[in-house]
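Structure, as structure tokens:
Here the structure is a predicted model, which means the values were calculated and not measured. Chain letters run A, B, ... following the sequence lines, proteins first, then strands; residues in each count from 1.
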Amino acid sequence: MNTSPGAPERYDPTAIEAAWQSRWKERSTNATDIDGAERPYFNLMMFPYPSAEGLHVGNVFAFIGADVHGRFRRLQGFDVFEPIGFDAFGIHSENHALKVNTHPSELIPSNIRRFRDQLRRVGLMLDWEHELSTTDPRYYKWTQWIFLQLYRAGLAVKKKAPVNWCPECKTVLANEQVIDGFCERHPETQVHQRFLEQWFFTITNYAQRLLDNLETIDWSDSTRTMQRNWIGRSEGAEIVFVTPGDHEIRVFTTRPDTLFGATYMVLAPEHPLVERLTASEQRRAVKEYKREASAKDIVARRVGDREKTGVFTGSYATNPATGEAIPIWIADYVLMEYGTGAIMAVPAHDERDHEFAEKFGLEIREVIQPDDAYVERPFTGWDGKLVRSGAFDGMTCREGASKITAWLAERGAGTGTVQYRLHDWCISRQRYWGPPIPIVYCERCGTVPVPEEDLPVVLPPLDDFRPSESGVSPLARNEEWFRVPCPECGKLARRETDVSDTFLDSAWYFLRYPSTAFDDRPFDADVTRRWLPVQSYIGGNEHAVLHLMYARFITMALHDLGHIAFEEPFTRFRAHGMIVKDGAKMSKSRGNVVIPDEYIAKWGADTFRMYLMFLGPYQEGGDFRDEGIAGLRRFLDRVWDLVAHSEPASADTADDVVIRKLHQTIAGTAEDVEELRYNTAISKLMEYVNVLRGRGEDDAGQRSVSPDVLRPLIIMLAPFAPHFAEECWARLGGTASVFDASWPAYDADAARESSIELVVQVNGKVRGRVTAPAGIAEPDAVALATAEESVQRFVGDQTVRKVVYVQDRLVNLVVG
RNA sequence: GCCCGGGUGGUGAAAUGGCAGACACAAGGGACUUAAAAUCCCUUGCCGCUAUAGCGGCGUGUGGGUUCGACUCCCACCCCGGGCACCA
């Protein structure tokens with residue numbers, strides 16, 4: 001440690017970071033002027049769930065990447081709004097509260113305090129004036145208000161449906177929360193199927209728009225692909241099969257071209273027609289099979305490689321193409337939730353039907369002659385010609401599909417249609433820790449929405465908030481709370497005791513941020529017009545089909561109801577990658593979770609920030625290794641040293657090499673930061689520093705460069721190392737914050753190289769290099785290249801058959 | 001099974017179809033130091049030839065192809081990560 005008087009002060013991140021953090025707070029450096037901003041820029045990051053463990057490095061990685069973007073935009077002259085909040089309702093918090101046997105209303109505030117503290121130390125440009133928490137009645141009042149808007153529009157409906165039931169959570173889960181048939185939060189617990197009355201948002205009404213709009217928004221491809229797959233659009237036909245008893249069985253198929261090969265049908269065991277179609281001699285078998293199927297949980301039902309089971313109903317239906325009577329079976333490989341819950345089985349051209357037909361000895365009739373004769377059976381491809389298909393013989397599959405659909409339509413036996421895999425969003429939860437759904441059930445008036453002026457329906461304190469085995473909400477144990485007069489007739493009625501899904505809380509928080517000052521409206525019209533949609537949203541792909549889909553849906557619905565002017569909430573979304581530790585995913589059980597605090601304490605937030613942004617491409621993530629951090633600290637130390645010894649009189653301001661490198665760095669770094677290529681942006685700054693260090697040395701061995709070539713460096717460094725940059729900026733004579741400066745101007749002329757190095761190849765192999773003036777013409781370049789001794793050796797007396805010249809880059813002589 | 005990513009030195013990684021390995025880490029050598037740490041300088045893809053300077057060959061998961069030229073484009077395959085999965 002150098003402590004002698006007069007010696008240059010060492011870089012001390014602890015002191016500098018604390019000083020600047022309090023200065024930012026005092027001066028409101030990061031507060032946004034919501035009403036007065038000239039160039040509003042909404043920079044959003046995914047608000048965290050305030051867990052008991054505190055922020056981990058994954059959260060911090062996400063926030064820093066978003067913060068770098070926000071700070072960069074600010075240096076470009078935008079009024080950047082970078083708010084934060086807490087997603088504190090939900091099963092996550094509640095389960096933790098149950099585990100440690102403390103009420104969530106006690107836990108959450110202390111967790112939030114810890115999070116605030118951690119977030120401050122990371123040095124994010126957060127505007128704390130607009131902090132929100134989903135558990136705040138001032139917030140969830142409007143979550144309930146959104147429910148009411150959707151309810152009035154018919155987009156919130158109550159229906160009995162097969163739902164995913166987690167026996168551990170003792171609640172219903174959305175499909176998105178079921179992973180491989182197991183609960184998202186309890187990987188050991190299988191999810192079961194139950195039929196319950198639940199509130200749904202009919203997101204399926206928006207399936208096509210959610211799909212189409214994906215083309216119009218600037219999102220990571222990976223995220224858009226996941227959404228596309230989740231929506232799962234399939235084109236095909238709905239075809240009607242009629243039974244002798246005049247029952248109509250509708251099926252959906254993506255392969256109407258194979259209709260002539262449909263040799264039997266299958267209904268889902270829960271299909272409403274099963275009862276009526278069952279012949280008396282099959283009654284027992286069918287009943288037994290239905291019982292078995294309903295006893296099965298969703299896993300057993302959904303695992304794809306399971307052996308097929310099923311039972312014949314004893315009835316037949318007429319194949320509308322062949323006129324043949326084909327047997328009707330029931331089997332649990334047909335799912336009631338998709339399509340019509342019934343299929344036409346074409347065992348010759350569908351793997352599942354094939355397996356089923358083989359097992360039960362049903363007819364397998366090929367109606368496609370594949371183009372390639374040597375393909376495996378069943379042939380499920382599209383490249384073939386129709387056979388045994390009457391008038392459609394000889395057509396390609398594509399042609400046959402549309403012709404058969406048209407032919408069915410003429411006879412009223414079918415129609416072209418589209419199916420989606422997307423399911424309606426089940427939003428009710430039989431849990432405690434969420435916003436109560438604002439509905440009252442009255443014996444006389446039925447289902448009555450709580451009047452808007454009575455919102456919020458406050459979640460009452462409840463000592464025993466455990467979920468019950470029976471699936472009834474904890475709130476149903478609080479009679480005092482749920483007994484209320486009917487808002488319409490005044491007679492004693494009963495509140496809805498379910499609460500809403502956490503994903504509803506987070507589906508609209510970005511709308512609230514700029515309007516947190518208003519208590520009489522969810523989002524102010526003027527403010528919203530100025531600040532939304534969100535210009536940049538950065539977050540993890542784990543939310544690609546949950547949060548991001550729901551937020552889009554809620555935004556679309558609010559748009560259609562006239563509350564907002566846009567229908568897509570996030571103009572640009574970028575998914576960041578995942579941080580792993582020594583090649584393995586971080587997890588508590590592995591014991592390799594990186595806690596940012598200790599690293600920040602040891603190295604300083606700026607070094608830590610820079611390391612995280614440097615360790616790999618931001619959108620791919622990377623491997624966190626302790627050894628790598630020192631390099632970034634060394635880099636900052638070197639910059640510190642340059643700043644400490646800067647001399648206004650230094651000649652480097654006119655040094656071509658320095659100036660050229662500076663302007664190349666300005667252009668390259670801006671482009672990299674713009675594209676979130678933070679790792680290469682930092683490496684470019686390092687290159688520039690290496691040039692400065694090589695140039696700055698005087699006769700006495702003392703480095704000294706002028707502040708003029710350092711200031712642009714400090715600005716470019718500021719998004720990554722904000723405290724460090726502020727301190728250097730001040731030491732270089734800056735008065736205001738470095739973030740009130742502008743990103744350095746790029747001068748293309750200054751960046752241009754005057755001489756270039758031409759690579760000379762012979763037959764594509766590098767055989768020499770020549771220095772030439774930039775912009776050299778081809779004949780001159782070739783002459784220079786050919787004259788080179790090392791090139792001559794490889795050309796010898798062979799004739800040059802061809803010359804390839806790439807301007808200012810290379811000459812390739814093709815000889816032989 | 002299907003749909004996305006990805007596979008490059010000892011390590012993290014970089015490269016609009018045009019010098020593979022920028023920038024770092026680690027390692028080795030040297031300077032400074034009584035010594036160590038820190039700092040600074042040098043070396044560092046592999047193999048071979050050479051006393052050295054240097055010279056040559058090989059090299060981006062594997063096998064083919066396109067091209068004057070391929071980490072980059074095309075085809076087939078292998079491995080790793082993620083998503084979906086009896087979705088008709």
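- Regarding the sugar-base torsion, B/G69 falls in the anti class, its angle being beyond 90° of 0.
- Heavy atoms of A/V806 sit under 4.0 angstrom from at least one base atom.
- Annotation: cation-pi geometry satisfied between A/R552 and A/W219 (NZ/CZ under 6.0 angstrom from ring centroid, within 45° of ring axis).
- Note on A/R769: a base of the nucleic acid sits closer than 4.0 angstrom, heavy atoms only.
- For B/C23, the OP1/OP2 oxygens have no side-chain nitrogen or oxygen of A/T680 closer than 4.0 Å.
- Taking atom P on both nucleotides, B/A37 is separated from B/G54 by 32 Å, rounded to a whole Å.
- Comparing B/G57, B/C84, B/A14 against the side chain of A/R767 picks out B/G57 as the nearest.
- B/U44 sits 13 Å from B/C23 when the P atoms are compared, rounded to a whole Å.
- Using a 4.0 Å heavy-atom cutoff across all strands shown, A/L615 reaches sugar-phosphate atoms only and no base atom.
- If you take CH2 of A/W329 and C1' of B/C86, they are 17 Å apart, rounded to a whole angstrom.
- Taking atom P in both B/C19 and B/A27, one finds a spacing of 32 Å when rounded to whole Å.
- Atom P of nucleotide B/G18 and atom CG of A/N812 are separated by 13 Å, given to the nearest angstrom.
- Per the geometry, CG belonging to A/L422 stands 14 Å off C1' belonging to B/C84, to the nearest Å.
- Residue contacts for A/F614: at a heavy-atom cut-off of 4.0 Å it reaches a base atom on one of the strands shown.
- For B/C55 and B/U62, the P atoms lie 29 Å apart once the distance is rounded to whole Å.
- When rounded to the nearest whole Å, the span between CE of A/M226 and P of B/A85 equals 11 Å.
- You'll find a donor-acceptor pair under 3.5 Å spanning the side chain of A/Q761 and the base of B/G18, going by distance alone.
- Contacts of A/Y688 with the nucleic acid, taken as non-hydrogen atoms under 4.0 Å apart, are absent.
- Checking the phosphate oxygens (OP1, OP2) of B/C23, no side-chain nitrogen or oxygen of A/R638 falls inside 4.0 Å.
- Look at CD1 on A/I682: it is 14 Å from P on B/A13, rounded to the nearest Å.
- In this structure, B/A53 makes no Watson-Crick or G-U wobble pair, since no nucleotide meets both defining distances under 3.5 angstrom.
- Among the heavy atoms of the strands lying under 4.0 Å from A/V766 are primed sugar atoms or P, OP1, OP2 only; no base atom is included.
- Atom CD1 in A/I328 sits roughly 22 Å away from atom P in B/A88 (whole-Å rounding).
- Going from the C1' atom of B/A85 to that of B/C4 covers 15 Å, rounded to whole Å.
- The gap from the C1' atom of B/G45 to that of B/C40 amounts to 26 Å, rounded to the nearest Å.
- Here A/K684 lies out of heavy-atom contact (under 4.0 Å) with every strand.
- If you check B/U16, B/A15, B/C68 against the side chain of A/R809, the one that comes closest is B/U16.
- Here B/G12 is the nucleotide among B/A88, B/G12, B/C68 with the atom lying nearest to any side-chain atom of A/R625.
- Nucleic acid contact for A/E351: none, since no nucleic acid atom lies under 4.0 Å from a heavy atom of the residue.
- Within 4.0 Å of A/R633, counting heavy atoms only, lies no atom of the nucleic acid at all.
- Phosphate contact (OP1/OP2 of B/A13, side-chain N/O of A/R677, threshold under 4.0 Å): absent.
- At least one side-chain nitrogen or oxygen of A/R693 sits closer than 4.0 Å to the OP1 or OP2 atom of B/C41.
- A donor and an acceptor atom sit less than 3.5 Å apart, one in the side chain of A/K308 and one in the base of B/C86.
- The residue A/N679 sits close only to the backbone: its heavy atoms come under 4.0 Å of sugar-phosphate atoms, none of a base.
- Applying the 6.0 Å contact sphere to NZ of A/K602 captures no more than 12 heavy atoms from other residues, nucleotides or ligands.
- Taking atom P in both B/C73 and B/U16, one finds a spacing of 11 Å when rounded to whole Å.
- With a 3.5 Å ceiling on both atom-pair distances, the Watson-Crick or G-U wobble partner of B/C73 is B/G65.
- Rounded to whole Å, the separation between the P atoms of B/U72 and B/U8 comes to 14 Å.
- The shortest distance between the side-chain N/O atoms of A/R224 and the OP1/OP2 oxygens of B/C4 is not below 4.0 Å.
- At B/A24, one or more side-chain N or O atoms of A/N690 fall inside 4.0 Å of OP1 or OP2 (strictly under the cut-off).
- Put simply, A/R421 has no side-chain N or O that comes within less than 4.0 Å of OP1 or OP2 on B/A85.
- In this structure, A/L546 atom CG and B/G83 atom P are separated by 11 Å, rounded to whole Å.
- Residue A/G232 is out of contact with every strand shown, counting any heavy-atom pair closer than 4.0 Å.
- Phosphate contact (OP1/OP2 of B/C58, side-chain N/O of A/K765, threshold under 4.0 Å): present.
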Quick one: do A/W425 and A/F503 satisfy ring-ring contact (aromatic ring centres under 6.0 Å, His included)? Show the steps, please.
CA-CA 10 Å; A/W425 174 14; A/F503 280 103; 7.6 Å; no

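- In this structure, A/N229 does not reach the B/C2 phosphate: none of its side-chain N or O atoms is under 4.0 Å from OP1 or OP2.
- Rounded to an integer number of Å, the gap from CD of A/E687 to C1' of B/A13 is 14 Å.
- More than 12 heavy atoms of other residues, nucleotides or ligands lie within 6.0 Å of CD in A/Q619, so this atom counts as buried by the packing criterion.
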